Structures are given as structure tokens and as C-alpha cells.
Amino acid sequence: MERALSGYSFEVRRERKRELPPLPRVAGEVVMRFAPNPSGPLHLGHARAAVLNDAYVRRYGGRLILRLEDTDPARVYPPAYEMIHEDLRWLGVRVHETVVQSSRLEVYYRHARELIEKGHAYVCQCSAEEFQRLKLEMRACEHRSRGAEENLEEFERMFTEYREGEAVVRLKTGMDLRDPAMRDFPIMRISEARHPRVEARVYPLMNFAVAVDDHLLGVTHVLRGKDHIVNTRKQAYVYRFFGWQMPEFIHYGRLKIEGVALSTSKIREGIDAGRYAGWDDVALGTLRALARRGFRSEAVRRAMLDVGVKQSDISFSWKNLFAYNREIVEPIANRYFFVASPVEVVVEALPEFSREVRLHPDYPERGSRRLELKPEGGAARVFIARSDFERLEEGGFVRLMEGFNIEVLEKGEGRVKARFHSLELEEAKRRRARLIHWVPAQQAVPVTVLKPEGRDTGYGEPALRRVKADDMVQFERYGFARIDEAGKRIVACYAHP
RNA sequence: GCUCCGGUAGUGUAGCCCGGCCAAUCAUGCCGGCCUUUCGAGCCGGCGACUCGGGUUCGAAUCCCGACCGGAGCACCA
């Protein structure tokens with residue numbers, strides 16, 4: 001009884017400790033949004049925004065809006081619209097509503113006109129360089145003092161006459177503001193790049209579209225990275241000019257992720273150049289690459305949840321993700337032997353050997369695999385991993401796991417001659433012998449393991465012929481991997497130790 | 001340079017708003033032990049931190065000031 005109670009309070013405490021800090025000023029329904037740019041599929045960096053927004057929405061019983069921000073036609077990658085949906089489904093993020101900004105251009109035009117009419121915005125024909133100079137000198141250009149009527153006409157000419165770069169709409173925030181970035185920043189521009197979804201040439205800039213949408217869609221809380229802090233201040237001007245109430249903003253710090261490629265534009269270049277096989281190349285930090293390696297979305301979610309919403313910058317801990325994934329995958333992954341960079345060992349004086357070994361040590365009901373050797377001319381051939389070969393010494397004693405003990409007679413370059421010693425594990429333990437995994441040479445299955453750093457090739461045990469694509473396995477003393485291609489040759493994607 | 005943030009164990013995180021219950025949480029890592037067979041899985045146990053210096057206070061990880069360190073933004077991208 002006492003034990004049960006203490007166990008219970010421990011669980012409760014654990015749960016509470018894992019919770020995110022509450023959202024500020026919650027009144028009524030919580031509406032949040034996840035707003036990626038459809039320039040490619042989602043990666044680990046997006047996962048944080050998606051998971052955290054989703055977690056808060058679930059916690060408060062609110063709604064999550066997926067907003068595809070495709071107002072820069074040059075950066076749109078058409079397949080991304082669908083890929084983002086797939087990735088979110090995989091992540092278990094519940095989207096209540098999807099909006100695509102390119103379908104809402106009229107909304108932005110209407111609001112831009114309204115600001116122009118009210119004298120809060122004007123069409124500016126300065127070049128970017130010219131304006132930058134004026135901005136730093138805190139001087140207004142000639143266009144700033146134009147009347148609303150004339151500005152409206154100029155605005156219409158942006159749709160017909162002006163070319164890209166010839167005119168923008170600027171918000172009249174003030175040319176004497178302390179922060180140069182705030183001074184009359186642009187809200188609409190012309191882009192002549194072809195948009196895959198709409199025919200248009202005038203597009204809103206992010207800070208305008210975001211503010212208008214967040215307000216119109218009823219967003220109550222915006223959770224995003226702190227690289228948007230300046231944008232929040234810009235967006236505050238839009239809210240002020242319209243007389244709208246601002247949502248609550250929470251900015252989390254940068255998440256440094258090492259070891260995988262994340263930049264969508266660089267990945268795209270890499271794919272085009274043939275350096276990556278595709279968006280799910282195991283060297284990438286895309287969610288589809290992680291899924292291909294056998295990472296479960298629950299592990300990714302948990303890693304993101306405990307990274308949290310702190311504003312200080314942090315580095316992503318792969319080890320933590322590995323540990324979370326291992327917890328999920330360990331019970332389901334059957335065990336097999338795989339030797340990387342194989343080296344042949346000839347074992348002399350071996351009697352016929354055959355043994356049934358469990359597919360998983362903790363679950364006998366899952367069945368077994370057979371390890372067997374038929375000596376030819378009194379000797380049998382097995383493969384061991386190069387890394388184990390290197391630690392072998394002549395006269396040494398090792399145990400082939402789940403098999404038997406051998407003595408090393410001769411160690412040549414890439415070849416070992418050994419002699420069968422005994423069958424019993426106890427003998428190996430008594431001698432503190434190393435236990436190494438191995439593969440019978442006769443029916444060895446060629447295996448390639450794709451890893452972020454490269455690939456390992458070698459042989460797997462015969463039972464591997466029975467695995468199916470998408471199975472999660474543990475190659476003993478090597479690591480967890482997902483079977484990518486099954487059959488006579490196996491391709492696996494490495495997850496983690 | 002200007003503007004704005006942040007600094008808790010090896011790593012990530014809780015606590016900081018509303019000072020005491022914090023010789024500081026949880027996870028991971030590391031070390032040790034266990035396991036009819038993973039020096040690389042699993043189980044059990046242990047180790048390990050409030051950046052520094054002042055101040056306020058009976059009392060500070062928590063409030064204030066400074067230093068140091070780190071980061072973000074300063075696009076007709078998002």
C-alpha cells in the first residue's frame with residue numbers, strides 16, 4: 001500500500017515537471033498558428049515550432065492554424081505544400097485549419113489600400129539603395145508627403161505599369177525612429193517571378209501579411225523563434241494603425257543543430273547537384289530523413305518538448321533524442337548480427353554447429369533465428385567486423401557470441417586462422433574473453449548501412465533474409481537501424497547506438 | 001557600430017514573475033554493479049550545476065547594479 005502510494009505521487013510529480021510554462025493571459029479560446037514557408041519539407045528546426053504550438057493548443061483545448069507563407073514566389077517549391085501536410089501528420093500535429101497566403105492576396109490589397117487612404121502608408125519609388133541612405137540619414141523622400149488620392153493611383157500602377165523594384169508601399173512609421181530597421185519599412189512589393197499557384201505581381205511582405213492574417217484569423221498567441229523579435233515590433237505598427245489588439249507573443253531561442261544539413265535552399269542545391277539522394281537522404285535533418293532512419297515521431301516530440309520555450313540559445317542534444325527513441329524502439333527491434341567491413345576467420349577443428357537464438361532476449365514468444373556452420377574439410381568460415389579483427393591477437397581467446405570459443409592461431413592482413421576451443425559460455429567468462437558478433441560465411445547476406453557520415457558495407461546473418469522493409473532492427477554491438485530495402489541484399493538506415 | 005535578448009551539472013531542462021519548503025527537478029551522459037551471452041541493449045546504484053563581483057534583505061538561483069561571456073536583428077526573404 002505504502003509502495004503503491006509513493007509510486008503514485010512520484011508519477012504525478014514527474015508529469016508536472018515535464019509541463020511547459022503556461023501561456024500568458026489566456027482568456028477564451030486559444031488560437032495559435034504554425035506558419036512555414038513552402039520552400040521544402042519540414043526539418044528538425046520546424047519541428048520545434050510545430051510541436052510546441054500543437055502542445056499548447058492541446059493543453060488549452062484551442063485551435064491550430066497551419067498557414068503556408070508563400071508570398072515570395074521565388075522561394076516556393078510546389079511539392080512542399082503537400083510535403084508539409086505529410087510531415088505534420090507524421091509528427092502527430094493536429095491542424096484545425098489551413099490557409100495559404102497566396103489565396104488571400106485580395107485581403108492584403110484591401111488592407112493596404114485602407115492604410116493608404118488613412119495616410120498611414122505611401123507608395124515609394126526610391127530604389128532600395130536610395131532609401132537605405134535616406135533611412136540612415138533620417139530623411140524623408142519626396143514620395144512620403146504625397147496625398148492619399150495620388151498614392152492610391154500609384155498603388156494601382158504597381159499592378160500594371162511599374163516593374164519589379166520600381167515601387168513599394170511603405171508604412172509611415174517615422175523616419176526619426178531610434179531603430180533604423182523600423183523607419184518606414186515596406187509592406188508591399190512587386191515580384192515578377194512566376195508563382196506556382198496564382199497569377200500576380202504585387203505581394204505583401206511578411207510583416208504585413210503576418211499581422212493582417214494573425215488578426216483576421218483570430219490568433220491569440222504567437223509562439224515563434226526570437227529571430228522574429230524585431231518583426232514583432234514591426235508588426236506592432238500594423239496593429240496600431242488598424243487599431244487592432246495584438247496577440248501575445250512568445251519567442252524562444254535559437255536551437256543549434258549539428259551534424260545534419262538543415263538549410264532548405266542548400267539541401268535543394270545538394271539534391272540538384274546529386275550530393276543528396278533526395279529529401280529523405282539520411283544525411284539530412286528533414287523529418288522524412290529521420291523517419292527513414294527509424295526515428296519515431298514521439299521521440300522527436302519529446303525532445304522538442306523538453307527543449308522548451310526558453311529564450312536563451314541552446315544546442316540540440318542528439319544523445320537525448322537517441323535515448324528517447326531507443327526507449328520506444330528497443331522493445332520492438334529484433335536482434336541480428338551484422339559485421340561491418342568483414343574479415344574472414346577460418347575456424348579449424350569445428351564440429352558441426354547449430355543453435356537457435358532468440359530474436360529478442362526479452363520476448364521468447366517472438367521466435368528465434370538459427371545460427372549454423374557446416375565445416376568443410378574440418379574447417380568453417382565466419383566473418384567478423386574489422387573493428388573486432390583489429391583487436392585480435394595471435395594466441396588470443398575470444399567467444400563468438402551465442403556460439404563458441406576460439407583460439408587465434410594466425411592473424412594475417414585481412415585473414416585469421418583460428419581453432420575451435422570450447423562451446424561453453426562459462427569458459428569464456430572465466431577467461432574474461434571478449435564476446436564478439438559474427439556471421440557464417442556460407443549464407444552471409446550482403447548488407448549496406450546508410451549513415452549520416454557515410455555508409456558501412458558488410459554481411460548479415462542468414463536470418464536477415466526474413467526481415468521486411470520498414471522493420472526496426474538492432475544490429476548487436478552496432479546500433480539500431482531501419483530496414484530500407486529487404487531481400488537478398490539488404491539496405492538499412494542507421495538510427496543511433 | 002546601433003537596437004534588443006539571454007547566461008542552472010558534460011548536454012538539454014525545471015525553479016526565477018510572487019525571495020525562505022532548493023545542500024536545487026527531470027532526462028541524457030559519465031562511473032560502478034547486475035544480466036543462460038550486446039567492452040555498444042536492458043536493469044539497479046552513484047557522480048555532477050545556480051558565470052563572476054558588489055548591493056538590498058533576518059534570508060537570493062530567485063530582486064537591483066556592474067563586469068564577463070553568448071546570441072538575435074539592422075532585406076523590396078520568411
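A quick note: this is a predicted structure, and the numbers were derived from the prediction, not measured. Excluded from the calculations below are hydrogen atoms, water molecules and symmetry mates; all remaining heavy atoms, backbone and side chain alike, are included. The sequence lines fix the lettering, A, B, ..., with proteins before strands; numbering per chain opens at 1.
For B:A27, neither phosphate oxygen OP1 nor OP2 lies less than 4.0 angstrom from any side-chain nitrogen or oxygen of A:Ser317. Residue A:Arg326 places at least one side-chain N or O closer than 4.0 Å to OP1 or OP2 of B:G42. Neither OP1 nor OP2 of B:A75 sits under 4.0 Å from any side-chain N or O of A:Arg170.
Taking atom C1' in both B:C69 and B:C63, the straight-line distance is 22 Å, to the nearest Å. B:G15 and B:A9 have their P atoms separated by 16 Å, with the value rounded to a whole Å. When the P atom is compared between B:U8 and B:A61, the two are found 15 Å apart, to the nearest whole Å. For the C1' atoms, the distance linking B:C22 with B:C16 amounts to 12 Å, nearest Å. Using C1' as the reference atom, B:U3 and B:U57 are 35 Å apart when rounded to the nearest Å. B:C31 sits 13 Å from B:G10 when the C1' atoms are compared, rounded to a whole Å. The C1' atoms of B:G6 and B:C47 are separated by 29 Å, rounded to the nearest whole Å. Taking the C1' atom of each, B:A14 and B:G32 are spaced 28 Å apart, rounded to whole Å.
Taking atom CE of residue A:Met401 and atom C1' of nucleotide B:C35, one finds them 13 Å apart after rounding to whole Å. For A:Asp388 and B:C39, the CG to P distance is 9 Å, given to the nearest whole Å. Rounded to whole angstrom, the span from the OH atom of A:Tyr252 across to the P atom of B:A14 amounts to 15 Å. In this entry the distance linking CG of A:Leu435 with P of B:U36 reads 13 Å, nearest Å. In this entry the distance linking NE2 of A:His360 with P of B:C35 reads 18 Å, nearest Å. One interatomic measurement links the two molecules: CZ of A:Arg369 to C1' of B:U37, which rounds to 11 Å at whole-angstrom precision. Separating the CG atom of A:Asn231 from the P atom of B:C5 is a distance of 16 Å, rounded to the nearest angstrom. The nearest whole Å value for the distance from the CZ atom in A:Arg133 to the P atom in B:A75 is 16 Å.
In this structure, the nucleotide among B:G70, B:C76, B:U13 sitting nearest to the side chain of A:Lys310 is B:U13. In the set B:C74, B:U36, B:G40, B:U36 carries the atom at the smallest distance from any side-chain atom of A:Lys429. For A:Phe480, taking side-chain heavy atoms from C-beta onward, the closest of the listed nucleotides B:C39, B:A41, B:A78 is B:A41. Side-chain proximity of A:Asn320 to the nucleotides B:U37, B:C74, B:U28 is greatest for B:U28. Side-chain proximity of A:Lys319 to B:C76, B:C77, B:G29: nearest is B:G29. Residue A:Arg391 has its side chain nearest to B:C39 when only B:C77, B:C74, B:C39 are considered. Comparing B:C76, B:G42, B:U37 against the side chain of A:Leu205 picks out B:C76 as the nearest. Nearest to the side chain of A:Arg434, among B:G42, B:C39, B:C77, sits B:C39. Distances from the side chain of A:Arg254 to the nucleotides B:G71, B:U37, B:G42 place B:G71 closest. In this structure, the nucleotide among B:A72, B:U3, B:A78 sitting nearest to the side chain of A:Arg233 is B:U3.
Across all strands shown, A:His251 has no heavy atoms under 4.0 Å from either base or sugar-phosphate atoms. Base contact: A:Gln474 has a heavy atom under 4.0 Å from a base atom. Residue contacts for A:Leu425: at a heavy-atom cut-off of 4.0 Å it reaches a base atom on one of the strands shown. Contact annotation for A:Gln132: backbone-only contact, meaning every heavy-atom pair under 4.0 Å involves sugar-phosphate atoms and none involves a base. Residue-level contact check: A:Ser127 touches the bases, meaning some heavy atom is under 4.0 Å from a base atom. A:Gly165 comes within 4.0 angstrom of a nucleotide base, judged by non-hydrogen atoms across all strands. Residue-level contact check: A:Pro186 touches the backbone only, with heavy atoms under 4.0 Å from sugar-phosphate atoms and none from bases. Heavy atoms of A:Arg355 sit under 4.0 angstrom from at least one base atom. As judged by a 4.0 angstrom heavy-atom cut-off over every strand, A:Phe185 is placed among residues making no nucleic acid contact. Here A:Val307 lies in heavy-atom contact (under 4.0 Å) with sugar-phosphate atoms only. Contacts of A:Glu330 with the nucleic acid, taken as non-hydrogen atoms under 4.0 Å apart, involve only primed sugar atoms and P, OP1 or OP2.
Cation-pi geometry between A:Arg482 and A:Tyr494 is not met at under 6.0 angstrom from the ring centre and within 45 degrees of the axis. The cationic atom of A:Lys411 (NZ for Lys, CZ for Arg) lies less than 6.0 Å from the six-membered ring centre of A:Phe389 and within 45° of the ring axis.
The residue among A:Ile229 and A:Glu426 whose nearest nucleotide of RNA chain B is located toward the 5' end is A:Ile229. The 5' end of RNA chain B is approached more closely, in terms of each residue's nearest nucleotide, by A:Ala323 than by the other of A:Ala323 and A:Arg399.
Nucleotide B:C63: paired with B:G55 (Watson-Crick or G-U wobble, both distances less than 3.5 Å). B:U13: no Watson-Crick or G-U partner with both key distances under 3.5 Å is found in any strand. Under the Watson-Crick or G-U wobble criterion, with both distances below 3.5 Å, B:C22 is left unpaired in every strand shown. Judged by Watson-Crick or G-U wobble contacts below 3.5 Å, the nucleotide B:C31 has B:G45 as its partner. Base pairing annotation: B:A72 forms a Watson-Crick or G-U wobble pair with B:U3, both donor-acceptor distances under 3.5 Å.
For the residue pair A:Tyr122 / A:Asp184, a side-chain donor-acceptor distance below 3.5 Å is found, with atom types taken as modelled. There is no side-chain donor-acceptor pair under 3.5 Å between A:Gln101 and A:Asp70. Between the side chains of A:Ser103 and A:Arg197, at least one donor-acceptor pair of N or O atoms lies under 3.5 Å. A donor-acceptor contact closer than 3.5 angstrom is absent between the side chains of A:Ser191 and A:Arg201. Under the 3.5 Å distance criterion, with hydrogens and angles disregarded, a donor-acceptor pair is assigned to the side chains of A:Asn405 and A:Arg399.
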Q: Determine, stepwise, if the pair A:Phe404 / A:Leu373 fulfils side chain to side chain contact (heavy atoms under 4.5 Å, CB included).
A: CA-CA 11 Å; A:Phe404 45 86; A:Leu373 283 171; 3.7 Å; yes
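Residue-environment remark: CZ (A:Arg455) stays at or below the threshold of 12 foreign heavy atoms within 6.0 Å.
Here the NE2-CH2 distance, from A:His43 to A:Trp279, works out to 9.5 Å after rounding to the nearest 0.5 Å.
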